[in-house]
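Worksheet for the structure shown next.
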Amino acid sequence: MNNLLNKIINDTKIYANQGEVATYIPELSKMNKNISGIVVVDMENNIYSAGDTNIKFTIQSMSNIVTLILALMDHGEKVFDKVGKEPSGDPFNSLKRLTNINTHKPFNPMINAGSITITSMVKANNKEERIERIIKLIKDLSGNKDIEINMDVYNSELKTGDKNRSIAYFLKDKNILEGEVCDVLDTYFKQCSIEINCFDLANIGATLANDGISTISGKRIVPSEYATIAKAFMFTCGMYDDSGEFAVEVGIPAKSGVSGGIFCSVPNKMGIGVLGPSLDKKGNSIVGIEMLKILTNEKKLCIFN
Ligand code: GLU
């Protein structure tokens with residue numbers, strides 16, 4: 001496996017030229033678009049890796065899976081009274097459908113409107129407790145006790161997050177988002193700014209692939225039914241408005257973030273974490289997708305095989 005991963009890193013580096021790092025959050029523009037890494041963790045906790053796997057980057061909307069799990073643990077499927085289950089087919093930060101339809105319900109928990117609503121549903125007495133719960137679950141899912149927020153990225157999001165503010169105030173006006181908008185957004189910006197590396201992503205994916213049980217500690221982290229729901233949303237909505245294309249070309253549950261990370265959960269087989277900060281027009285890592293195409297093809301990982 002390590003040989004295959006090294007070959008994948010070398011064969012896909014060239015694709016970085018075809019995209020750009022995210023710049024709308026200025027701090028993200030500092031990432032080097034030519035780095036790339038890949039980690040695989042199987043159900044026996046064997047770890048395989050290649051490339052720039054120790055580089056830290058922010059989790060961005062890959063955190064939406066974590067908050068979805070917490071909201072499900074807090075409210076059960078009542079979560080879906082507020083947020084739908086359908087792919088939107090629109091860019092992740094679009095206001096279009098939100099303002100067009102009668103119910104104004106966000107289409108799914110992976111787009112910004114849905115994920116900001118989900119963040120507001122994570123039970124806590126105050127915003128400090130809410131972000132602590134999110135960080136705690138990321139620590140448990142990844143088995144990494146040193147997870148922290150990157151305050152430079154957080155401040156950068158805070159300065160430039162007006163699109164998210166407009167989404168949140170609109171949702172508050174429609175009685176979908178509860179609580180103080182400022183507090184909810186503060187948590188949302190912080191959760192997106194949590195630092196992880198490819199190992200953390202692969203471990204999160206492995207825990208979900210293993211029915212919610214950590215392959216590191218052997219402890220149940222996520223109830224089985226919510227691990228299943230998380231993988232379903234990863235599959236249908238995890239790769240922005242390219243999720244259908246990714247389902248056909250790669251065929252595994254995956255969630256992407258604008259930092260260039262993608263984590264995947266191949267049921268009962270493995271978790272995969274990849275990094276490649278050069279993004280395509282939809283916001284997905286170009287190198288990351290090419291790496292996953294080769295790996296899934298070589299190892300016959302498509303869930304419909
Ligand atoms: N913090 C980013 C935003 O809200 C997350 C985007 C993403 O990774 O999809 O715009």
Side-chain angles (χ1 to χ4, degrees), residues 19-31 33 56-68 83 87-96 98 106-120 131 134-135 138 149-171 177 181-196 200-201 204 230 233-234 236-243 246 254-264 273-286 288-289:
E20 295 301 332
V21 296
T23 52
Y24 77 103
I25 300 170
E27 198 61 26
L28 292 185
S29 68
K30 294 182 180 167
M31 291 191 78
K33 79 174 185 180
K56 287 187 183 176
F57 51 99
T58 51
I59 192 166
Q60 295 301 330
S61 63
M62 292 178 277
S63 63
N64 297 352
I65 288 294
V66 178
T67 45
L68 172 65
V83 179
S88 73
D90 288 329
F92 62 93
N93 56 3
S94 173
L95 276 151
K96 202 171 84 191
L98 209 56
F107 261 59
N108 65 68
M110 297 298 110
I111 54 172
N112 287 21
S115 61
I116 292 169
T117 305
I118 293 288
T119 297
S120 78
I131 189 66
I134 296 168
I135 292 173
I138 293 179
I149 295 169
N150 178 323
M151 293 307 282
D152 292 335
V153 174
Y154 163 69
N155 283 317
S156 195
E157 300 226 15
L158 211 54
K159 275 200 195 111
T160 55
D162 289 333
K163 189 87 179 266
N164 287 325
R165 283 188 188 95
S166 56
I167 290 172
Y169 279 107
F170 183 84
L171 290 167
L177 190 145
V181 170
C182 283
D183 285 358
V184 173
L185 282 173
D186 188 69
T187 307
Y188 175 73
F189 293 141
K190 281 194 176 128
Q191 79 180 58
C192 288
S193 305
I194 290 170
E195 269 188 334
I196 38 84
D200 299 325
L201 288 182
I204 296 170
F233 277 114
M234 287 166 75
T236 55
C237 312
M239 299 298 287
Y240 302 121
D241 42 332
D242 221 20
S243 298
F246 186 85
K255 179 71 191 95
S256 176
V258 291
S259 50
I262 304 173
F263 81 95
C264 312
V274 297
L275 170 66
S278 182
L279 306 181
D280 63 20
K281 295 235 158 17
K282 306 274 170 102
N284 291 310
S285 166
I286 296 188
I289 289 183

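Sequence positions, counted from 1, serve as the residue numbers for this chain. Order of appearance sets the numbers: ligands from 1, and atoms from 1 within every ligand.
- Distance alone, capped at 3.5 Å, is enough to place a donor-acceptor pair between the N155 side chain and the M151 backbone.
- Not one N or O on the side chain of S29 forms a donor-acceptor pair closer than 3.5 Å with the backbone of T23.
- Regarding atom 10 (O) of ligand 1, its nearest protein heavy-atom neighbour is Y24 OH, 2.7 Å.
- Close approach of ligand 1 to N164 is summarised as follows: ligand atoms under 4.0 Å from at least one heavy atom of the residue are 3 (C), 4 (O), 10 (O).
- Heavy atoms of Y188 approach ligand 1 to within less than 4.0 angstrom.
- At the shortest separation from atom 5 (C) of ligand 1 among protein heavy atoms lies Q60 OE1, 3.2 Å.
- Set against the non-hydrogen atoms of C192, the atoms of ligand 1 under 4.0 Å away are 1 (N).
- By the criterion of a heavy-atom distance under 4.0 Å, neither the backbone nor the side chain of M62 is placed next to ligand 1.
- Of all atoms in ligand 1, listed by their number and element, those nearer than 4.0 Å to a heavy atom of N112 are 3 (C), 4 (O), 10 (O).
- K282 contributes no side-chain N or O that, together with a main-chain N or O of M239, makes up a donor-acceptor pair within less than 3.5 Å.
- No side-chain N or O of T67 forms a donor-acceptor pair with one of Y188 less than 3.5 Å apart.
- A donor and an acceptor atom, one from each side chain of S156 and E27, are nowhere located under 3.5 Å apart.
- Listed by number with element, the atoms of ligand 1 under 4.0 Å from a non-hydrogen atom of S61 are 7 (C), 8 (O), 9 (O).
- Using a non-hydrogen distance threshold of 4.0 Å, N93 does not register as a contact of ligand 1.
- With a 4.0 Å heavy-atom cut-off, ligand 1 is reached by no atom of F189.
- Without hydrogens or angle criteria, D280 side chain to I286 main chain gives no donor-acceptor distance under 3.5 Å.
- In this structure, the side chain of N108 engages the main chain of I111 through a donor-acceptor pair within 3.5 Å.
- With Q191 as the partner, the side chain to side chain donor-acceptor pair (under 3.5 Å) test is satisfied by one option alone out of S63, S61, S115: S63.
- Close contacts of ligand 1 with G257, meaning ligand atoms under 4.0 Å from a residue heavy atom, involve 8 (O).
- Among the atoms of I25, none of the N or O lies under 3.5 angstrom from an N or O of ligand 1.
- Annotation: cation-pi pair K255/Y240 present, NZ/CZ under 6.0 Å from the ring centroid and within 45° of its normal.
- Close approach of ligand 1 to Y240 is summarised as follows: ligand atoms under 4.0 Å from at least one heavy atom of the residue are 7 (C), 8 (O), 9 (O).
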